[in-house]
Trainee: 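Have a look at this one before I ask anything.
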Amino acid sequence: MMFNFDISVKKTVGKVSLGVVLGATCLFNASIAVASEVNVYSSRQPFLIKPMFDAFTRETGIKVNSVFAKTGLVERLQTEGANSPADLIFTVDIGRLDAALRAGVTQSVNSEILDSVVPAEFRDPDGHWFGLTNRARIIVTSNERMQKDDISSYEDLAKPEFAGRICTRSGKHTYMVALVASVIAHAGEDAARQWLSGVKDNLARKPQGNDRAQVKAIASGECDVAIINSYYMGAMANDEEQSEWANSVDIVFPNQDDRGTHMNISGMSLTKNAPNKDNAIKLMEFLAGDLAQAMYAEQNHEYPVNPAVPASGLLRSWGEFKADTLPLSEIAKHRATATKMADEVNYDG
Ligand code: FE
């Protein structure tokens, strides 16, 4: 936990009680006191979001209390029910945003600002979640053992010539599930199954580890090709031990000649029972704005979701690319099938 939530909640209750005790003339003041905060549950690491929250507080005077929990946000909201102090949840990946929606712990937000700056493919059509940053699911290839144009699409990964040369994390991980769901959305279930089975046949080893571990395996010569989220290239480049992993690969933005590279998001949702709803929507709109977008995307080497905000210098150095514009809400519909498919082709076996 990043800050002590109990304390801030008690403080709020204290202000309300004071207003009630002092009588009606003070109620307005009391409501201002109550209205001056917003509570966030986040699975994003504090260092990524705290700077934007501080900027928001400086601009609006509204205090942001945040609780960090790597997992279990939805379960926590369900347990707390109507008593939950949380106004907003922050998490990564369409899978987790979609899970929160399906669990019934979010509510619709109708904001002209959000609808105008967050592209339609990166927000729920009913306003239950909005993307804040983008990540591309890129292919990286050994710069020693592969030519730059050997692979140009996700489909190429299933070609027999790459037998024993590909490394990925588990087919059940939410990043892989979203990618497979996007292939299903574009090519249909049968073609997607055939493709995933082909990729599985080409694996150099049983799926294991996180995205960075796949790049490490390329650096050590265990495999030649991996699928990872783009921001890990930035994170590894800035890490003393891992920079040599990053330096061992070239970046491929897949499917530039057709549908574009699969994109995912980090995002936010307004909770169903948000006690500080107006402040929460103000924070959502602030985070989609120019200042916060530039800060947020740079912190984690992600792309700003707001197309008016330029990416960081490092990301621009990777070059421009065509992104898949199929809405994530459509891709999310195929997640269950994608998860099942990983079992059907025994991807992790
Ligand atoms: Fe990640």
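All values below come from the heavy atoms of this structure, side chains included, with hydrogens, waters and symmetry mates left out. For this chain, numbers begin at 1 and follow the sequence in order. All ligand and atom numbering here is 1-based and tracks the order in the structure.
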Trainee: Only pairs under 3.5 Å count here: list side-chain donor-acceptor contacts from residues 179-188, not counting sequence neighbours, and write none if there are none.
Mentor:
unit_1: Ser182; atom_1: OG; unit_2: Leu179; atom_2: O; d: 2.7
unit_1: His186; atom_1: NE2; unit_2: Asp324; atom_2: OD1; d: 3.3
unit_1: His186; atom_1: NE2; unit_2: Asp324; atom_2: OD2; d: 2.7

Trainee: Quick one: are the ring centres of Tyr303 and Phe321 less than 6.0 Å apart?
Mentor: yes
Trainee: Could you tell me whether a side-chain N or O of Asp343 sits under 3.5 Å from a main-chain N or O of Asn346, the two making a donor and an acceptor?
Mentor: no
Trainee: With a cut-off of 2.8 Å, which protein N/O/S atoms are close to the Fe ion (ligand 1), if we only count those under it?
Mentor: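 Protein N, O or S atoms closer than 2.8 Å to the Fe ion (ligand 1): Tyr175 OH, Tyr231 OH, Tyr232 OH.
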Trainee: Under the 3.5 angstrom rule, does the side chain of Ser197 hit a backbone N or O of Arg193 as a donor-acceptor pair?
Mentor: no
Trainee: How many angstroms lie between atom CD1 of Ile62 and atom CZ of Phe53, to the nearest 0.5 angstrom?
Mentor: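 Going from the CD1 atom of Ile62 to the CZ atom of Phe53 covers 12.5 Å.
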Trainee: Hey, which of Val118, Val92, Asn306, Leu287 is the one that makes side chain to side chain contact (heavy atoms under 4.5 Å, CB included) with Leu132?
Mentor: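 Per the side chain to side chain contact (heavy atoms under 4.5 Å, CB included) rule, the option paired with Leu132 is Leu287, out of Val118, Val92, Asn306, Leu287.
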